Amino acid sequence: MFDLTEDPLDPGPVVEDVRHPGSGAIVIFLGVVRDEDHGRKVRYLEYDAYRSMAEKEMRKVGEEVLARWPAARISVRHRFGRLEVGETALVVAVSAPHRGDAFEACRYAIDRIKEIVPIWKKQVWEDGEAWLEGHPVQG
Amino acid sequence: MFDLTEDPLDPGPVVEDVRHPGSGAIVIFLGVVRDEDHGRKVRYLEYDAYRSMAEKEMRKVGEEVLARWPAARISVRHRFGRLEVGETALVVAVSAPHRGDAFEACRYAIDRIKEIVPIWKKQVWEDGEAWLEGHPVQG
Amino acid sequence: MKVKVRLFAGLKDLVGGPEITVDLEEGATVRGLEDQLGREYPRLKPLLASLAFAVDEEYKARDYTLRDDDEVALVPPISGGCDV
Amino acid sequence: MKVKVRLFAGLKDLVGGPEITVDLEEGATVRGLEDQLGREYPRLKPLLASLAFAVDEEYKARDYTLRDDDEVALVPPISGGCDV
């Protein structure tokens, strides 16, 4: 499942999406809002997304993972809107028969999400705010 | 927290053990009972443990992780007794400011658990059973 | 012809809204739209080179030919997830 | 002196119980216990070289000197976790 949501993210159901009798290893990644970035205290984050396209690109990341690791299963949730410090912005769960593949596929998926899924975040500090620039997309 | 338990494992509370305002990344590993091993259909697993020492060695793995990744936090649960296919035998959760460290520390912890924590598993197939030999401990 | 241009993140603030309509000549490419945006919205100009363009939810190269009524999204460098 | 020897996994089945007591000479080492076990339990013998020994929950080398009443665990190659 590949979903973009405004609701708080719970890793539990994401894990169950990928658990099956052939999966010996499940690796879950949670991207969490940190209280600090480059020495500046973060109050909260605001995520903007091109929603319909973001879900489409998340599915594309899933297809890439399955092309590389055919025995893997993957499920992804990304949140948007306002997120407080300590809240979860991204959950990626990957299962595979063996843990090496599950770890590699999970890292691959995160890297690709950060490269192609059109989502942006604004950091809001005590004394200002800014939209963060990440990866330029290769058109 | 480092715990050995006979009860089913729920990753949720393990994640909360390591979540804190400075953690940007949480990586969770679940070791799950597979239905198949080297082409043989597995009915269930039976885990035996030297319980008091296993908890002590799990804490030691935690100390090693913190020595190498001082900004990390780690929490581990291992189950023992009879486990059915699809059930979780091991949960390792690691948080760190950045995801590279969280992934590396999690993989390191799994490797060390499999090297020094005295736990053993018996595979029970349709037509027999055997205790599995894994890593000899370096005395 | 007209294309609908969707704006996100900082671009939305810069232009003052999530969506604008741009008039282009028949057969214009993404590059043509980029140039037109630079003329109509001088504040966008320094950012245009770093943008990707998505047409109907697919990333397209600068030489892609637009059609009337296309929905074009300006995609600034992505910063999804956490922990940049 | 006497040491209590704890057995796990397949060793428990082999010896027929989770615990045995072994008589050793004063000053015996882990190596001495290993030899004694090989004599008393011939079925253990082929496995002894692959075992680690833990004394009071700490792994010890073969030259470690045992004391009366020590609890010694025989630790066969570990197979915790899943996904060997």
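This one's a predicted model, so the numbers in the text were calculated from it and none came from an experiment. Note that these values count all heavy atoms, side chains included, but never hydrogens, waters or copies made by symmetry. Every chain is numbered from 1, with letters handed out A, B, ... down the list of sequences.
- Atom CD in Glu55(B) sits 10.0 Å away from atom CD in Glu57(D) (nearest 0.5 Å).
- Proximity of Lys12(D) to Asp48(B): side-chain heavy atoms (C-beta onward) are separated by under 4.5 Å at one or more points.
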Derivation and outcome, side-chain contact (heavy atoms from CB on, under 4.5 Å), residues Met53(B) and Glu58(D): CA-CA 8 Å; Met53(B) 183 172 174; Glu58(D) 291 283 350; 5.9 Å; no
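- With hydrogens and angles ignored, the 3.5 Å screen pairs no side-chain donor or acceptor of Tyr50(B) with any backbone N or O of Leu74(D).
- For CZ of Arg43(D), the number of neighbouring non-hydrogen atoms (other residues, nucleotides, ligands) closer than 6.0 Å is 12 at most.
- Only the backbone of Asp56(D) comes within less than 4.5 Å of a heavy atom of chain B; no side-chain atom from C-beta onward does.
- Within a 6.0 Å sphere centred on CD of Glu25(D), heavy atoms belonging to other residues, nucleotides or ligands number 12 at most.
- Remark: Arg67(D) CZ is loosely packed, at most 12 non-hydrogen atoms of other residues, nucleotides or ligands lying under 6.0 Å away.
- Interatomic distance, Asp13(D) CG to Trp131(B) CH2, rounded to the nearest 0.5 Å: 7.0 Å.
- With a 4.5 Å cut-off on non-hydrogen atoms, Ala49(B) touches chain D through its backbone but not through its side chain.
- Proximity to chain D (any heavy atom under 4.5 Å) is restricted, for Glu115(B), to the backbone atoms N, CA, C and O.
- In plain terms, the two heavy atoms of Pro118(B) and Val75(D) that are nearest each other are CB-CG1, 4.4 Å.
- With Trp120(B) contributing its side chain and Pro76(D) its backbone, the two residues share a donor-acceptor pair below 3.5 Å.
- Considering only heavy-atom pairs separated by less than 4.5 Å from chain D, the leading option among Ile110(B), Val92(B), Ile116(B) is Ile116(B).
- Distance alone, capped at 3.5 Å, is enough to place a donor-acceptor pair between the Ser79(D) side chain and the Lys121(B) backbone.
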